[in-house]
Each structure stands twice: as structure tokens, then as C-alpha cells.
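Remarks on the structure that follows.
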Amino acid sequence: MPVPFNLADALDSALQSAAVQAGLEAAAFVPDVRTADPRHGDYQANGVLAYAKAHKQNPRAVAEKLVAALPAGVTEGYVITVAGPGFINFTLQPATLLAWLRMHDSKDHLRSNAASARHGQTWVVDYSAPNTAKQMHVGHLRSAVIGEAISRILEFSGAKVIRDNHIGDWGTQFGKLIWAYKHHRDEQALASDPIEEFERLYQMGNAAADANPAVLEQARQELVRLQSGDATNLAIWRQINEASLQAFQGIYDLLGIRFDVTLGESFYNDKVDRVYRELSDARLAEESQGALVVFHPEHPRFKTQPFIMRKADGASNYASTDLATALYRALHFHADGIVIVTDFRQADHFEQLFLTVRKWFAAKSYRLPALHHVTFGAVTGEDGKALRTRDGGTIKLKELLAEAEARAYALVSERSADLTEEERRKIAAVVGVASVQYADLSQNRSSDYVFAWDKMISLEGNTAAYLLYAVARIHSIFRKLGLAAGDLAGEAAGTPPETPAEQALARKLVKFADAIRLVNDTLRPHFLCLYLYELAGEFSGFYAADKVAVDDPAVRARRLLLCARTLLVMETGLGLLGLRTLTRM
RNA sequence: GCGGCCAUAGCUCAACUGGAUAGAGCGCCAGACUACGAAUCUGGAGGUUUGGGGUUCGACUCCCUAUGGCCGCGCCA
């Protein structure tokens, strides 16, 4: 029995054609198929209610007609009932569950089936984007972790993804930094930990310029020299960038991030004139108080709140470079979609940017990509205020990840004292980072994120440790039985799931497709986290209820198949979130 | 002042973007290791979804309003 990867999709189109068969006004009928509460079934179609309402018909009668018109290929695979005011419920038959599990037996099969969703599309994902000359701190975590997960899921869904690190490597701060570099640098510190020293110099330059107008003027001169191509200052600037990128990569390595391109603000320096020209020619931009700005008369706020794209002193700012960036991504990368991952405070900026881009591209007949500003809330301490260390400084990302690993190590040593020191170190490295990533990803990104160590490294509940533990237990079963986890031999003997726990687990497994779809549609990775958590929960229930390593070969084969698929889906899903997994912990 | 986001169990969060009896974890109570890893599982208690109106077959979700919190708003990004 061939079954599709995404069963909800298949039901949707089956209901569409049934609507034609049954004589409904098919164009006005949207099946609205979604996953259901298990009490009601696996999928439910809710579209009948809206249709019947609009057409003044009895919803139950319409539902009955639709069900009667479904092809045999569909009706054989499910138990179908009409319930309540006109819901159509579909419960998968055990044989259908088995067929799905058999067909999706490897990561490659999952991927190739999922890839139809965005086949042929190109997406640019813009995330992380720290400023050079500063260390990454806790505030940089969410963009990096969320952006990477979105990139992986878009890729899994068939898109060509270009990961772009739009670093802040240009701007007025470099005048002060170069001034401090020339007057106060510590060569020894520069050699041993350059990023730390640059950060110190930046703060020093900032403070000195604030305190002394003469310094401020000298810093301005340094900036002018840099911008006019002065060799010395350019060399310092390059040194700063190089050291910064190296430090960033240290963090990215821990988080499993590798960018395809790093096109920072400086890259767009020579591309902003075209932006000024084209927006002015299109009469979208106007002079206001000496600056070149864009107003949006149709917008309640942006009709008076300007989008400043060239400052009165003639310099560019991030509006101009972001406009140039949008054009570059559309023309050079042929992007079908652009995702920009930043915190919610920049919502106004990107709303103005997107409004401007839409009008500009329309005026020039440039192909417009889908534009998504993926926002997330602030990271706060447990008091609800911005997260700070005890002495009031920001928490460095490097230190945060080290702390997570140390806490994980203490836990592993406590729980698995029998493992060697080396093994415990390795496990702690994975669990520590995964806990940080997962704590961030598992929450709806739009709310503020309350940072709490105990919750993050916790072993219980919706945490990385819980998911990794489920994976480790499955590996353990295969190890005990002397089987390879990916070994497909013996699966042919697997029969349809029978016990309640087996069925619940199998029914959750096929919903993987729906979770992927949901994240694709919403760009919210927490839906995949929630799915994996629920899957791990179903597995744990199954594990407690039904022993796998039993003597009866038929029962054992049936349950081993479920274990193999749970492992496959868990490892695939965790991989899409950017987490590494373990075989023991 | 104008605008945006948010408010769900004691705490931290979900609720598939308008669907069926609002779900988890922590904490609390009561159980389950002579069974593949108890970092687990099974039950129980706990709710006027901030207050008040409205829209409709149906509202945590949409609209209005009040209160409280976070944030943005002319040359930082």
C-alpha cells in the first residue's frame, strides 16, 4: 500500500475532488484538514462548517455527502466518522500506519519526500549578525539558534538556503576604536586575546570621546581617513574584522553553524548610491531636514515617521545598507524568500524597509521575494529585567556555553558515574550546548525568554536532556540485542501496531510531516520541539508498557520497527533543530 | 503624546493562527524497578484564559474598552 509522506495533504486533495463529485461548489470549499486530538482521530476536516454556513446547508448532511464521495483508496486507509456539528474525523488504520513506517525508512527517504514543499526555491536567511570588535553575548544567542534551525528546516523542505551573516562591520564606532587603538593598545593582550582587547579599546574610545571633545574630533578624523581609504586605518579595520570573525567562528562551531556568506554592512558601501538614485527617481524618497527619507502616506504612523536612508551629513546608515542588501539578494542570489532574524525591537525598521522595498521593486519591475522579519522577545533574568551578571555586565556567550557544559558534566557524573571521564566529558559537551539551544527553540519565539539555569539544564519536562535520553534508550535497546540501529533486515517481519502504546507511538510518528509543514508555514521552530517532545513522551510510555526484547519473534519485530522509526525521526528532527545527539548518556 | 508587542494553573510555558471537555513540566499528593537505562512511567488535586463589553454555529485566538508590563518613535544598529 503506497502512502504519501504528508497524509494531511493527501486528505485535502481527496476532499477537494470529493467536493466536485458530490456536487458542491468546489471553488468555495476549503477542506481545512489538520491534525486532531487523538481522542477524535488523527486528522480532522473542518471546512464543511464554514461552507455549509455560507451556503445555508446542513453541515452534517454536507459532510456525509463528502465522505460518500471519497475514493476507495482513501476510505480503506482510515476509519472515517462525522461528528459534532460537522467535523469529519479520520483515524488511521493500523495497516496504513505500518505502510507509512515501512516507506519512510531512512533519513534520505524522509528528506526526499519532504523536499517537494520548497523544491526549486532559493531562500536567504540572515541571522546572528553581531557587531565586530565586540564579543558575542547572551543577547546574540536567540538569533543564531533560531536562524540556524529555520535554515535547516527550509533546506530539508527542498529549498536552496544561503546563510548570510550580515555583520556590523562599518559605522561611526570605528573612529573611536581606531583612535583608542592608536593611543592605548596593549600589544600583549592583542596577541593573546584580540577580541577582548578590541572590546576594551572600543569602550575606552567611547568613554574618552564622551569626556573630551578633542578626542571626539580626533575620532571623527580617524573615521574620515578610514572611509577615504587611508592604508593604516584600513589595515587596523581589517585586523579587527579578522579577529572578530575568528572569535565568532569559535561560537558557531559549538552551535553547529556555518555561514555560506558573510556580507556585512561594509560590503554594501558602494551599493547605496544606486538606492538613493532609484528611490529618488521613483519619487519614493524626498529631502527632509537635510536627510533623504521615505514616507508612507497610506500608513498611520509611517506617514509622519520617516525612514531615513541618507543622513543630513551625506553618510549612509542601516536603512540604506539594508535596502541595498535586499536588492543584492533579489538580483544576485535570485532569492524567492528572505528571512531576517532579529529581536522585536527592530520591528518598525523592518516594516518600513519592507514597505519601501515593495514599492521600489514594483517601480523597477524587480522580482519581489517573500519578505519575513522573524522576531523574538528579549532575554531577561528571572526578575524580568535585561539579563546581567552580578556585577552588571553582560554575560558572554562563550562563558554561558562553558557554564552549561560544566553543569551538564556535574549531572552526568552524578547519574552515570560508571562511564569513563572521557565519555562524561563528551556527553556533557553535547548535553550542555543542546540544553541551551533547546531552551531557546522550544519556546514560542515571540515571547520574552526568561533565562534560568535550573530550568535550562533540567532533566525533566520539555528539555533537551529528556529528548536525548529517549534517543539514548533506543540505542541501548539495539545495543543489548546486538543489532545495528539502522539495520533494515528483519523489518519485513514487522506487523501493524497492536497494543494501545504501539498505536499511539505509530500515530505520532506519521505526524512528523505535519510538524515540518507547520514550521515551514510559520517559521516557528518551537512547533517541531513540541512535536519531538510529544514523540519522546509517546516513546517513554510505550517503553514502560511494552517490552521490546521479548521472546516472541513477531512481537519483537513489530516493536523493533517502532524503535527504529522513533530513533530515525528523533535524530532527524533534533538534527533539524541544530542539536547533536548521543548513543548513551 | 503617537504606535507596536504582551497578560493562560502557585511558577515556567503550550494550545497547529476561529474548532470539539484550554494542555504539559516544575512544585504538591498517591503509586510503579527480581522487566530492554527510574535522567523514566501511571494516577490525583490545581483555571471566571488580567477586568468589562461585542462579533458568530463556535473565541485563549478577531473587534472595542479599562488596567498592568515590555519596547519603538529624525539622522546608532
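Small disclaimer: the values here were computed from a predicted structure and weren't measured. Chain naming here is simple, since letters A, B, ... match the order of the sequence lines and numbering starts at 1 in each.
- As judged by a 4.0 angstrom heavy-atom cut-off over every strand, A/K547 is placed among the base-contacting residues.
- Rounded to whole angstrom, the span from the CE atom of A/M585 across to the P atom of B/A38 amounts to 13 Å.
- Closest to the side chain of A/H526, out of B/C41, B/A15, B/C71, is B/A15.
- In this structure, A/S442 reaches neither bases nor backbone, as no heavy-atom distance under 4.0 Å exists between it and the strands shown.
- Here B/U42 presents its P atom at 14 Å from OH of A/Y543, a figure rounded to the nearest Å.
- Applying the 5.5 angstrom centroid cut-off and the 30 degree plane-angle cut-off, the aromatic ring of A/F87 is stacked upon the base of B/A20.
- Here A/L468 lies out of heavy-atom contact (under 4.0 Å) with every strand.
- Nearer the 5' end of RNA chain B, as judged by each residue's closest nucleotide, is the contact made by A/F527, out of A/N317 and A/F527.
- No hydrogens or angles were tested; on distance alone, a donor-acceptor pair under 3.5 Å links the side chain of A/N89 to the base of B/A20.
- When the P atom is compared between B/U48 and B/G53, the two are found 16 Å apart, to the nearest whole Å.
- Distance from the side chain of A/Y469 is smallest to B/U40 among B/U40, B/G74, B/C36.
- Stacking between A/H40 and B/A20 is present: the aromatic ring centre lies within less than 5.5 angstrom of the base six-membered ring centre, and the two planes differ by under 30 degrees.
- Summarising the geometry, the separation between CG on A/N444 and C1' on B/U17 is reported as 11 Å, rounded to the nearest angstrom.
- Here the separation of B/G74 from B/A14, taken at their P atoms, is 32 Å to the nearest Å.
- Phosphate contact (OP1/OP2 of B/A38, side-chain N/O of A/R473, threshold under 4.0 Å): present.
- Along RNA chain B, the nucleotide closest to A/S288 and the one closest to A/P85 are compared, and the more 5′ of them pairs with A/P85.
- For the residue pair A/S157 / A/N520, a side-chain donor-acceptor distance below 3.5 Å is found, with atom types taken as modelled.
- Residue-level contact check: A/T375 touches neither bases nor backbone, having no heavy atom under 4.0 Å from any strand.
- Contacts of A/I308 with the nucleic acid, taken as non-hydrogen atoms under 4.0 Å apart, include base atoms.
- At the heavy-atom level, A/A83 lies under 4.0 Å from base atoms of the strands shown.
- Relative orientation of the A/W237 and A/F174 rings is perpendicular, given thresholds of 30° and 60° on the angle between their planes.
- The CD-C1' distance, from A/Q346 to B/A77, rounds to 6 Å in whole Å.
- B/C76 atom P lies 20 Å from atom CD of A/Q203, rounded to whole Å.
- For RNA chain B, runs of at least 3 consecutive pairs of the Watson-Crick or G-U wobble type, with both hydrogen-bonding distances under 3.5 angstrom, map to B:1-7 with B:67-73, B:10-13 with B:23-26, B:28-32 with B:40-44, B:50-54 with B:62-66.
- Contact annotation for A/N206: no contact, since no heavy-atom pair falls under 4.0 Å across all strands.
- Residue A/Q305 is in sugar-phosphate contact alone, with no base atom involved, counting any heavy-atom pair closer than 4.0 Å across all strands shown.
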